[in-house]
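Read the structure below first, then the notes.
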Amino acid sequence: MTGGRWLLRAASLGAALLLWQGLTSLDVNLWLRFEQFPTVGEVAGAFTERAGTGPFWQDLASSLRRIVTGFALAAVLGVAVGTAIARSRIAADVLGPLLEVLRPVPAIALVPVAILLFSSNEQGIVFITCTAAFFPVLVSTRHAVGALTPVWEEAVLTMGGGRARILFSVVLPGALPGIFGGLSVGIGVAWICVISAEMISGEYGVGYRTWQDYTVIDYPGVFVGMVTIGALGWLTSTAVERAGRRLTRWLPARDSSGPVPASAARTRTWRVPGRSPRTPHAAAARAGATGPRSGSGPFPEQTREVTP
C-alpha cells in the first residue's frame, strides 16, 4: 500500500475524531443528542487510566482466548462439513436439511441452550462464538468447493491420483479464496456474539466490563470498551486476511486502481523440450511468412494471452 493511501486513511480517522470532539464539546442537541456523550479527551483519559490496571488486561485476555478458541473450532468444522456437503450426496442429504434449519437462528439466541448444556459460562461463551462463525465458513466453503471445475480432478485421476490426492492438491487449494472469504466474515460475526454473550452471562471480558460500566452510568468507560472491541476486531480480521493472502500467493495479482487493460496482458509460452522458446509475436510472424506447418511433430508450441 502506498504512502498516499495510508495518509488518506489516517485523515479519514482524524476527521471522524474531530467531528466527534466538536459535536460533544458544543453539546449539539438537534435531531441527535450529544450533550451526554463523552468527549474524545474524556475517553482517551479513561482509556489511559484503564490500561494501567490489571483488570483491563485480564478482560482483554479472556475475550481473546474465547474468540480464538471458538473461531478455530468453527474454522475446522466449517471447512470439513462444507467440503463434505459439496462433495458427497449422502452428507448433503443427511446434514444439509438440519443445518439449513439451524442457520437462521441467531447465535445469541442460543444462550439459554448453552446454559443448559454446559457446566460453566466459559464453555457456553465459546460454544456461542463457535456457532456464530461456523455458518459463514460452512456456506462459503460449500459454494467454493462446488464451483471448482472438474477438469482439474480428471487430470489428477489421469495421472493416477486418488481421492486424498484430489482433496489436498485440487479441492482445498482451489477453494481457498472462497474459504478465506467465509473466515473473514466469520471472525466479525464471532466478535459480535462473544461480546453479547459476555454481557449476558460472562464474568470477565471486554463485553462484561462494558456492560458493567453502563449499569453504573460510566459513559467514558462504555466508550473505552467500544474502542477496545473495535481495535481487537480490526487486528484479528487483518490477521485472517493476511493469512489468506499468504496462502493464496498463486492467485494473479490485481492492481487496486482497476482492472488490467488488454494491452497490459501478460503472455505465457509453453516450452517444448528440445526446442528453443519463441515469443508469440515472433511465432505469429513466422507463421504468416511461411504458412502453417504440417507434420511438425506431436508437440507443437502453443501460446496464449492471460489477463490476470
Side-chain angles (χ1 to χ4, degrees), residues 1 68 70-100 103 130-190 236-262 264-272 280 299 302-308:
M1 186 181 299
V68 169
F71 181 72
L73 291 173
V76 173
L77 294 176
V79 171
V81 177
T83 303
I85 291 177
R87 303 277 301 172
S88 172
R89 292 182 179 179
I90 296 178
D93 293 338
V94 174
L95 300 177
L98 177 61
L99 294 175
E100 288 301 320
R103 186 160 66 96
C130 176
T131 304
F134 169 75
F135 286 104
V137 179
L138 165 70
V139 174
S140 298
T141 302
R142 183 184 65 190
H143 288 295
V145 173
L148 294 177
T149 175
V151 175
W152 299 345
E153 299 183 25
E154 295 171 359
V156 175
L157 291 174
T158 301
M159 293 184 290
R163 292 185 177 181
R165 183 72 173 180
I166 292 176
L167 177 64
F168 293 104
S169 298
V170 175
V171 175
L172 292 180
L176 271 182
I179 291 174
F180 272 98
L183 292 174
S184 297
V185 176
I187 190 66
V189 177
T236 52
S237 62
T238 301
V240 171
E241 292 177 1
R242 289 194 174 185
R245 288 196 296 267
R246 185 175 183 85
L247 292 176
T248 56
R249 291 193 302 267
W250 45 269
L251 286 175
R254 291 185 180 272
D255 187 1
S256 58
S257 61
V260 179
R266 292 182 303 174
T267 302
R268 294 179 181 174
T269 303
W270 278 261
R271 301 186 179 185
V272 180
F299 300 101
Q302 303 177 17
T303 62
R304 68 172 181 178
E305 290 188 352
V306 178
T307 302

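Predicted, not measured: the structure shown is a model, and the values here were computed from it. When a residue number appears, it is its place in the shown sequence, counting from 1.
Taking each heavy atom of A74 and C130 in turn, the nearest pair found is CB-O, 3.4 Å. A pairwise comparison of heavy atoms in P177 and G174 identifies CD-O, 3.6 Å as the closest pair. In plain terms, the two heavy atoms of A133 and A190 that are nearest each other are CB-CB, 4.1 Å. What you find for S184 and I187 is that their closest heavy atoms are O-CG2, 3.1 Å. Here the closest non-hydrogen pair linking A75 and V137 is O-CG1, 4.1 Å. Listed here is the closest heavy atom pair of A144 and G178: CB-CA, 3.9 Å.
Counted within 6.0 Å of CD1 on I90, heavy atoms from surrounding residues, nucleotides or ligands total 12 or fewer; the atom is thus considered open.
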* For the pair F134 and L73, evaluate side-chain contact (heavy atoms from CB on, under 4.5 Å) and give the outcome as yes or no after the intermediate values. => CA-CA 8 Å; F134 169 75; L73 291 173; over 6 Å; no
* Asked: Would V240 and F71 satisfy side-chain contact (heavy atoms from CB on, under 4.5 Å), going step by step from the backbone distance to the final call?
  -> CA-CA 11 Å; V240 171; F71 181 72; 4.1 Å; yes
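Rounded to the nearest 0.5 angstrom, L176 CG and R249 CZ are separated by 11.5 Å. A distance of 4.5 Å separates CZ of F180 from CG of L247, quoted to the nearest 0.5 Å. Note that the CG atom of L157 and the CZ atom of R165 stand 12.0 Å from one another [nearest 0.5 Å].
Residues forming a salt bridge (Lys or Arg N to Asp or Glu O under 4.0 Å) with E100 (at least two apart in sequence, or on another chain): R103, R142. Applying the side chain to side chain donor-acceptor pair (under 3.5 Å) rule to R163 yields no partners; only residues at least two apart in sequence or on another chain are considered. Evaluation of the side-chain contact (heavy atoms from CB on, under 4.5 Å) rule for L95 yields V81, I85, L99 as partners, not counting sequence neighbours.
Checking side-chain atoms of R87 against main-chain N and O of A84 turns up no donor-acceptor pair under 3.5 Å.
At least one side-chain heavy atom of V79 sits less than 4.5 Å from a side-chain heavy atom of L172. Contact check for W152 versus V171: no side-chain heavy atoms found under the 4.5 Å cut-off. The shortest distance between side-chain heavy atoms of V189 and F135 does not fall below 4.5 Å. Taking the side chain as every heavy atom from C-beta outward, R242 and R246 never approach each other to under 4.5 Å.
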